[in-house]
Amino acid sequence: MRLFRRQLLLSYLPLALLPILVIGLVIRGVAEDRLTLLVTQDSARRVRGLVPCFNVYYSAVGSWDALVEALKDGQPFVYPAAIRVESTAPQTQQSGVLSLDENGVLSCFPVTVRQMRLRPQLAERRPILDQILSGTPNNVLPAAAHRDELILTDPNGVVLLNAEPSLIGQQLAPEVLRQSAPIMVNGQPIARLALATGFFDEGQRQLLNALNLALVLSGGFSLLAALGLGWWMSSRLSQPIRALNEGVQRLARGEWRAPVPITTKNELGDLTQAFNSMAAELIRQQTTTRQMVADIAHDLRTPLSTMSLEVEAIEAGFQTPEQATESLREEIAWLQRMVDDLRLLSLMDADQVRLQVEPVPLGVFLSRLHDFWRTSAEEGGRVLALEMASDLPIIQADAMRLRQILGNLIDNALRHTKAGDSVRLQAQPAQDGGVLIRVADSGEGIPSEVLPRIFDRFYRADRARLHNDSGSGLGLSIAKRLVEMHGGTITVSSRLGHGTAFSIYLPQRAG
């Protein structure tokens with residue numbers, strides 16, 4: 001059973017692992033896409049923030065040579081430039097300041113400097129930056145980019161400045177060029193500025209690494225929780241199977257005492273219920289078989305004992321062989337009848353009995369059957385009456401087996417009635433085209449507590465009866481099986497002291 005639990009858990013594992021992997025990959029992909037979008041948007045914002053300072057620089061200097069060389073060297077610097085005197089404030093000049101710090105970060109400070117006229121020059125970074133920023137509001141933040149990110153091209157997209165020397169003089173890729181911003185002087189584009197955004201910085205990489213770690217830890221925890229839940233569920237699911245397995249083993253050992261408890265209301269519960277029904281039927285059949293063997297042994301002992309006594313009487317000279325012949329013939333006939341009945345039942349159990357179906361005119365058939373049994377009834381002082389409708393149909397049936405069924409019922413009725421009683425053979429059409437046949441007597445009747453077992457093999461309502469009075473005990477079982485083979489049904493009703501009635505329904509197209 002542990003193997004089944006492991007197999008069940010392994011079949012459940014992919015169902016738990018697949019959602020975890022899919023969710024993890026989706027979250028990782030969405031986070032990276034969103035971060036890439038943020039980086040792209042941030043790059044566009046920084047490019048827009050850097051362009052004014054590049055405009056100021058080129059307007060004042062008229063060339064990129066000094067700036068390009070300074071960025072290549074990587075030494076800290078400050079480039080202040082004053083341009084465009086505001087008409088509303090003649091004493092105020094709009095300035096942009098480019099500053100490169102020790103870490104290689106280029107910053108653009110769009111500042112307003114009063115009462116200052118500064119020519120573009122390479123200056124010591126800190127003193128001049130402090131001087132310029134002294135008049136800048138505290139909430140003004142610079143636009144910044146690392147010098148390795150900067151891509152400066154001419155108006156046609158030919159690279160002038162790039163961290164990769166091999167790209168200088170080459171045409172900028174169209175997708176990068178589309179993200180660049182033009183540098184305008186006097187309304188004319190003189191260059192384009194872009195940032196290399198194909199990689200994340202250290203902080204962004206740390207964020208992605210932290211996200212990956214969180215996904216791995218949460219996925220691992222979810223997987224462990226799923227495995228634990230799966231193991232518990234597999235234990236619950238396999239519990240009814242373990243109970244069934246134990247029940248099968250108990251049944252195989254012949255130790256069946258109680259049904260397997262039903263703990264679930266699903267297909268496994270239905271299977272357990274079916275197994276309990278099967279086991280109960282097997283036990284019942286086993287008990288019936290044992291009882292049948294005991295009954296056969298008991299019933300055979302009586303005629304054999306009688307025959308043995310007859311032979312001993314002949315040997316002792318108490319009677320002649322001629323005198324014992326009649327008794328011996330009766331016992332032999334009874335034994336032959338029992339053997340025939342047992343053989344017929346065994347053939348029907350093996351499904352080796354085939355009906356010879358043919359059209360049977362029911363009215364003519366019942367008249368002949370009545371004539372045959374009427375003599376036996378009159379010899380015992382009974383009355384056998386035939387009551388049938390005039391419009392009985394022609395049915396499809398095996399005439400010989402139908403005679404055997406009704407003959408058995410009539411014989412039983414005659415043997416369980418006394419002189420002066422009556423037996424009625426009745427027949428009438430059924431509403432669906434079939435026929436209803438009834439054999440009723442006014443005899444001793446059958447106790448109600450034994451009616452459910454009346455069709456069991458070797459069952460007799462009065463176990464004290466002699467075999468020659470009560471038959472082999474197989475006749476009703478044979479009759480029931482033959483009726484069912486015709487597609488019909490047989491039922492019995494009885495009142496103790498008022499008689500018994502057997503009712504047979506045969507469909508129109510039986511067999």
Side-chain angles (χ1 to χ4, degrees), residues 284 287-288 291-292 294-296 298-299 302 330 334 337-338 341 344-345 366 369-389 401-428 430 434-484 486 488-506:
R284 189 193 68 81
T287 303
T288 301
Q291 184 63 44
M292 183 179 69
D295 288 338
I296 292 174
H298 177 271
D299 286 349
T302 300
E330 290 179 357
W334 188 90
R337 180 179 177 182
M338 172 175 279
D341 289 346
L344 179 58
L345 277 175
L366 291 178
L369 184 67
H370 172 261
D371 293 339
F372 176 82
W373 284 100
R374 183 175 56 184
T375 303
S376 298
E378 292 175 350
E379 289 176 355
R382 287 93 167 170
V383 177
L384 178 61
L386 176 61
E387 304 171 0
M388 62 179 181
R401 296 303 182 186
L402 186 58
R403 179 183 292 273
Q404 184 177 3
I405 295 169
L406 295 176
N408 185 282
L409 297 180
I410 295 173
D411 182 54
N412 280 343
L414 293 177
R415 284 190 287 107
H416 290 85
T417 54
K418 60 183 181 294
D421 290 339
S422 63
V423 177
R424 300 186 304 279
L425 176 60
Q426 302 168 324
Q428 63 183 21
V435 64
L436 293 174
I437 304 175
R438 191 167 180 264
V439 177
D441 64 65
S442 58
E444 59 195 34
I446 303 173
S448 58
E449 63 271 13
V450 303
L451 278 179
R453 298 190 58 190
I454 199 67
F455 293 105
D456 292 350
R457 299 177 184 182
F458 289 103
Y459 184 79
R460 300 189 183 94
D462 187 356
R463 304 295 297 179
R465 289 182 180 274
L466 296 177
H467 65 274
N468 57 354
D469 290 332
S470 57
S472 66
L474 299 174
L476 291 179
S477 298
I478 294 174
K480 184 175 185 295
R481 289 293 301 274
L482 290 176
V483 169
E484 291 174 347
H486 280 82
T489 58
I490 180 171
T491 57
V492 60
S493 61
S494 180
R495 288 180 59 193
L496 196 62
H498 291 79
T500 303
F502 288 88
S503 299
I504 299 173
Y505 164 74
L506 295 176

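Residue numbers start at 1 and run along the sequence shown. No experiment lies behind these values; they were computed from the predicted model shown.
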task = Indicate the atoms forming the closest heavy-atom contact of Ala430 with Leu436, along with that distance.
result = CB-CG, 4.3 Å
ask   = How far apart are the closest heavy atoms of Gly499 and Ser494, and which atoms are they?
value = O-OG, 3.1 Å
ask   = Within the side chain of Asp421, is there an N or O that forms a donor-acceptor pair under 3.5 Å with the backbone of Lys418?
value = yes
query = Counting only N and O atoms by type, is there a donor-acceptor contact under 3.5 Å from the side chain of His370 to the main-chain atoms of Leu384?
reply = yes
key: Heavy-atom side-chain contact between Met388 and Val435 under 4.5 Å   = no
remark   = Here the gap from Ile410 atom CD1 to Leu425 atom CG, rounded to the nearest 0.5 Å, amounts to 5.0 Å
Expected output: side-chain Asp441 to main-chain Thr500 donor-acceptor under 3.5 Å = yes
pair Ile504-Leu409: side-chain heavy atoms closer than 4.5 Å = yes
note = So CG of Leu406 and CD1 of Ile437: to nearest 0.5 Å the spacing works out to 5.0 Å
key: Leu402 side chain near Leu482 side chain, heavy-atom distance below 4.5 Å   = no
key: Rounded distance [0.5 Å steps], CG in Asn408 versus CZ in Phe502   = 8.5 Å
inquiry  = Contact between Ile405 and Ile478 at the side-chain level, heavy atoms closer than 4.5 Å - yes or no?
reply    = no
key: From Leu366 atom CG to Asp371 atom CG, the distance as rounded to the nearest 0.5 Å   = 11.0 Å
query = Rounded to the nearest 0.5 Å, how far does CG of Asp411 lie from NE2 of His416?
reply = 9.5 Å
query = Do the side chains of Leu476 and Ile490 get nearer than 4.5 Å, heavy atoms only?
reply = no
remark   = Closest heavy-atom pair, Ala413 versus Val439, reported as atoms and distance to 0.1 Å, is CB-CG1, 4.4 Å
query = Counting only N and O atoms by type, is there a donor-acceptor contact under 3.5 Å from the side chain of Arg438 to the main-chain atoms of Gln426?
reply = no
inquiry  = Does any part of the side chain of Leu414, heavy atoms only, come nearer than 4.5 Å to the side chain of Trp373, both counted from C-beta?
reply    = yes
